[in-house]
Amino acid sequence: MYSSNSSSYDKFSTSQPPVFSQDTSTTGIPVSTTSQFYSTDGSSIELRSKSKGPWSTGLCGCFDDWRNCCVTFWCPCITFGQIAEIVDKGSSSCGVNGALYALISCVTCCPCCYSCFYRAKMRQQYLLRETPCGDCLVHCCCEYCSLCQEYRELKSRGYDLAMGWHGNVEKKNRSVEMASVPPTVEEGMSR
């Protein structure tokens, strides 16, 4: 059933590849092929992806924080537990994550299989580059250095890892409350 009509052939042969989009009735989620969206008032909003930034310290900067370097060398499960609690935003405790890390370390001698997932999660939360190589490779080759780097990164972002997630949230709430309270003026003093 060959048609000699060239217009029917031209319909199906284009120089551009076809654009495939998912039908909204399949998932219930509208799919846009552009980065321009419209708000409720009718104005358009342009979405821009954020670029990934560098780590605050290098992978081999372990001796920048001597205390953490020693703790990580002798008992990496403590450092990992502190990191995991902050990255999980308090949904898991330091003790549980540290114990699981120690158990995996004793059973498989390869705790990097567990800790590399937290590095990836942390990079996604803080938009950090995957340097010097992939997360799993960094943890497999330099487990202690990578844990120290993650600890220093969270510390540079204002977290006190010894306090845990809930302690840091309370500390932040207290500082916000203190900033919102106006200073008191004693009687007899003028402003």
Side-chain angles (χ1 to χ4, degrees), residues 17 19-22 26-29 31-35 47-172:
V19 178
F20 297 101
S21 65
Q22 196 171 20
T26 307
T27 62
I29 301 170
V31 179
S32 175
T33 58
T34 66
S35 62
L47 295 179
R48 295 191 178 123
S49 63
K50 294 182 180 179
S51 62
K52 296 190 178 205
W55 291 79
S56 62
T57 60
L59 182 63
C60 297
C62 299
F63 299 113
D64 292 349
D65 186 348
W66 281 92
R67 183 180 178 278
N68 177 253
C69 183
C70 291
V71 168
T72 304
F73 180 76
W74 293 108
C75 196
C77 57
I78 293 173
T79 302
F80 175 76
Q82 292 173 334
I83 293 166
E85 183 178 0
I86 298 296
V87 171
D88 281 342
K89 299 182 179 180
S91 65
S92 62
S93 71
C94 172
V96 169
N97 284 311
L100 189 56
Y101 181 91
L103 180 68
I104 291 171
S105 180
C106 290
V107 172
T108 66
C109 296
C110 193
C112 61
C113 296
Y114 181 50
S115 59
C116 69
F117 293 111
Y118 277 91
R119 183 177 181 90
K121 190 173 181 179
M122 184 175 153
R123 276 190 326 92
Q124 289 174 350
Q125 283 179 359
Y126 299 111
L127 297 173
L128 297 168
R129 291 187 192 123
E130 191 173 15
T131 57
C133 52
D135 299 325
C136 289
L137 190 59
V138 169
H139 270 271
C140 286
C141 296
C142 307
E143 177 71 9
Y144 297 154
C145 292
S146 60
L147 288 174
C148 287
Q149 182 187 30
E150 293 160 19
Y151 183 93
R152 290 189 313 272
E153 182 67 33
L154 291 172
K155 195 172 177 182
S156 74
R157 292 182 180 270
Y159 291 104
D160 183 359
L161 278 77
M163 292 173 56
W165 174 258
H166 299 292
N168 280 291
V169 169
E170 288 175 20
K171 180 181 169 184
K172 183 180 177 187

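Everything numeric here is computed off the predicted structure, so don't read it as measured data.
In this structure a side-chain-to-backbone donor-acceptor pair under 3.5 Å is present from Trp66 to Phe63. Between the side chain of Gln149 and the backbone N or O of Gly61, no donor-acceptor pair lies under 3.5 Å. When atom types are taken as modelled, the side chain of Trp165 and the backbone of Glu85 share no donor-acceptor pair closer than 3.5 angstrom. In this structure, Ser146 contributes its side chain and Glu143 its backbone to a donor-acceptor pair below 3.5 Å.
Among all heavy-atom pairs drawn from Pro111 and Cys109, the shortest one is CD-C, 3.7 Å. In terms of heavy atoms, Arg129 sits closest to Trp55 at O-NE1, 2.9 Å. Taking both residues in full, the closest heavy atoms of Leu128 and Lys52 are given as O-CD, 3.7 Å, listed atom of the first, atom of the second, then distance. The shortest non-hydrogen separation linking Cys112 to Cys140 is SG-SG, 3.3 Å. What you find for Cys110 and Ile104 is that their closest heavy atoms are O-CG2, 3.9 Å. Between Arg119 and Thr131, the shortest heavy-atom contact is NH2-O, 3.6 Å.
At a threshold of 4.5 Å between non-hydrogen side-chain atoms, the residues Thr79 and Cys148 do not count as touching.
Distance check: Ile86 CD1 to Ser92 OG gives 10.0 Å after rounding to the nearest 0.5 Å. Atom-to-atom distance recorded for Leu59:CG and Cys145:SG is 5.5 Å, nearest 0.5 angstrom. With values rounded to the nearest 0.5 angstrom, Cys94 atom SG is found 7.5 Å from Ile78 atom CD1. Taking CG of Leu147 as the reference point, atom CD of Gln82 lies at 11.0 Å (rounded to 0.5 Å). How far OG of Ser115 is from OH of Tyr144: 10.5 Å, rounded to the nearest 0.5 Å.
Remark: Thr57 engages Arg152 in a side-chain hydrogen bond (donor to acceptor under 3.5 Å, both in side chains) (not counting sequence neighbours). Considering only residues two or more places apart in sequence or on other chains, Arg157 meets the salt bridge (charged side-chain N to carboxylate O under 4.0 Å, His left out) condition with Glu153.
Under 4.0 Å is where a charged nitrogen must lie from a carboxylate oxygen, and between Lys171 and Asp160 no such pair does.
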Query raised in the report: side-chain contact (heavy atoms from CB on, under 4.5 Å) between Tyr126 and Leu154: does it pass, once the steps are laid out?
Result: CA-CA 10 Å; Tyr126 299 111; Leu154 291 172; 3.7 Å; yes
Requested in this report: Dump the intermediate steps for side-chain contact (heavy atoms from CB on, under 4.5 Å) on Lys172 and Val169, then the final yes or no.
Outcome: CA-CA 5 Å; Lys172 183 180 177 187; Val169 169; 5.7 Å; no
Requested in this report: Decide salt bridge (Lys or Arg N to Asp or Glu O under 4.0 Å) for Lys155 and Asp65; before the verdict, give the C-alpha distance in whole Å, the side-chain angles of both, and the deciding distance to 0.1 Å.
Outcome: CA-CA 10 Å; Lys155 195 172 177 182; Asp65 186 348; 3.2 Å; yes
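The environment of Lys121 atom NZ is dense: over 12 non-hydrogen atoms of other residues, nucleotides or ligands sit within 6.0 angstrom.
Legend: ring pair (Phe, Tyr, Trp, His ring centres under 6.0 Å) pairs involving residues 77-99, not counting sequence neighbours, sorted by first then second residue: Phe80-Tyr101, Phe80-Tyr114, Phe80-Tyr118.
Each of Ile83, Asp88, Val87 was evaluated against Asn97; a single residue qualifies, Asp88, per the side chain to side chain contact (heavy atoms under 4.5 Å, CB included) test.
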